[in-house]
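Within every chain, numbering begins at 1; the chains are lettered A, B, ... in the order of the sequence lines, protein sequences first and strands thereafter.
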Protein chains: 2
Amino acid sequence: MLKLTKKADYGLMALKFLAEHPETPAFSAKDLADAYGIPAQLLAKILQRLTKTGLLRSHAGMNGGYALAREARTISAYEVIHSIDGPFFITSCTKGAKSCELTPNCTIKEPLARVNETIAGVLKSISIQDLAEHEPAAAKPAEAHKLVALTP
Amino acid sequence: MLKLTKKADYGLMALKFLAEHPETPAFSAKDLADAYGIPAQLLAKILQRLTKTGLLRSHAGMNGGYALAREARTISAYEVIHSIDGPFFITSCTKGAKSCELTPNCTIKEPLARVNETIAGVLKSISIQDLAEHEPAAAKPAEAHKLVALTP
DNA sequence: CTAAACGCGGACCTAACCAGTCGGATATTC
DNA sequence: GAATATCCGACTGGTTAGGTCCGCGTTTAG
């Protein structure tokens, strides 16, 4: 179906919320969960993952919580999704040294991998800041065809 | 995880195979399944779907089978995937009249919808013929930034 | 005309995976 | 030391993808 998980959605929402409130030093998982009606414990685990991957900074104890580790402008949607859902690939053939297990000539995989990179490129070009601003100005046309061109 | 289903993969493989053998009038589901080591009955159902959506032409009886309904150049990967997996959306919020059920301001959905359209555009720009040719020349740079530009 | 080869299509099963929960441990502040 | 946090593994329940089975309609070869 080509859709990303709710966890990734939640993660993006939370980061977007943090980007919209830069003055506040930290938000607890519960604060963020309440803001969007997300199950608190679930969001907590997501935020923990984002902390482990270096996108968030956490602080335990009272008045603790989470804050962006970097500037919102420098955090891409790709990083968030990748942190939560792991590496994604369009091709269901799991990549790596072993190509398609049984299928000998899965030549379909190759052009689809280009598509995959294109999507990744688009996602990388979108920052959390872009999400926070309602007017989404992203993906400069200058590098657009570099992203989309399938012939290197 | 953002990956398309095996069924869609199988469908693309089958269409690619048909595009590579335009001289042969028809291939049975079993022929195509054997060519790639795909479960025959499963591929059969996929091909039936593609027939219903008008991408393939079927012929029952002996020496029957499937053939492309149109020229390979005019069949896009998007159509194939859409036929098999149905409409896909990046956002896990199921679209439609009802927006995000509980979440009041899921502003994240809007820019992600742009990404969704971008992906769809890339997929639409790739034809079965492109898959069949090993050297994949797709997505003319001319319309590239039209696809990627998130600000209309 | 009959049987083999084929497409058609519903019902069904199963294994994986996502979403969400529970419970406990550790850290920090007051 | 009590309240408020993060941290983290384990467990469960529901959905869906992947795959199978079986019976039916159609066509063609012999």
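- The stretch residues 59-69 of chain A touches DNA chain C through His59(A), Ala60(A), Gly61(A), Met62(A), each having a heavy atom within less than 4.0 Å of the strand.
- Side chain of Glu117(B) to backbone of Arg114(B): no donor-acceptor contact under 3.5 angstrom is found.
- Taking the side chain as every heavy atom from C-beta outward, Asn116(B) and Leu112(B) never approach each other to under 4.5 Å.
- Residues passing the side chain to side chain donor-acceptor pair (under 3.5 Å) test with Ser58(B), sequence neighbours excluded: none.
- Remark: P of dA4(C) and NZ of Lys30(B) are 17 Å apart, rounded to the nearest angstrom.
- In this structure, the NZ atom of Lys7(A) is 9 Å from the P atom of dG20(C), given to the nearest Å.
- Contacts of Thr51(A) classified as side chain to side chain donor-acceptor pair (under 3.5 Å), with partners at least two apart in sequence or in another chain: none.
- Between its opening and closing five pairs, the helix from dC1(C)-dG30(D) to dC30(C)-dG1(D) changes axis direction by 10°, a value rounded to 10 degrees.
- Residue Lys6(A) contributes atom NZ, which lies 11 Å from atom C1' of dT15(D) at whole-angstrom precision.
- With sequence neighbours left out, the side chain to side chain donor-acceptor pair (under 3.5 Å) criterion links Gln129(A) to Glu133(A).
- Residues satisfying the side chain to side chain donor-acceptor pair (under 3.5 Å) criterion with Thr74(A), sequence neighbours excluded, are absent altogether.
- By the ring pair (Phe, Tyr, Trp, His ring centres under 6.0 Å) test, His82(B) pairs with Tyr78(B), sequence neighbours left out.
- Not counting sequence neighbours, Arg57(B) has no partner by the salt bridge (Lys or Arg N to Asp or Glu O under 4.0 Å) test.
- Following rounding to the nearest Å, Asp31(A) (CG) and dT4(D) (C1') show an atom-to-atom distance of 11 Å.
- An OP1 or OP2 oxygen of dC7(D) is reached within less than 4.0 angstrom by a side-chain nitrogen or oxygen of Ser58(A).
- For the salt bridge (charged side-chain N to carboxylate O under 4.0 Å, His left out) condition, no pair includes a residue of residues 40-50 of chain A, sequence neighbours left out.
- Between Tyr10(B) and the phosphate of dG18(D), there is no side-chain N or O to OP1/OP2 separation shorter than 4.0 Å.
- Residues of residues 41-54 of chain B having a heavy atom closer than 4.0 Å to DNA chain D, listed by number: Gln41(B), Leu42(B), Lys45(B).
- Among residue pairs with one or both ends in residues 21-35 of chain B, those qualifying as side chain to side chain donor-acceptor pair (under 3.5 Å) are Ser28(B)-Asp31(B), Lys30(B)-Asp34(B); sequence neighbours excluded.
- Residues passing the side-chain contact (heavy atoms from CB on, under 4.5 Å) test with Ala29(A), sequence neighbours excluded: Ala44(A), Leu47(A), Tyr66(A).
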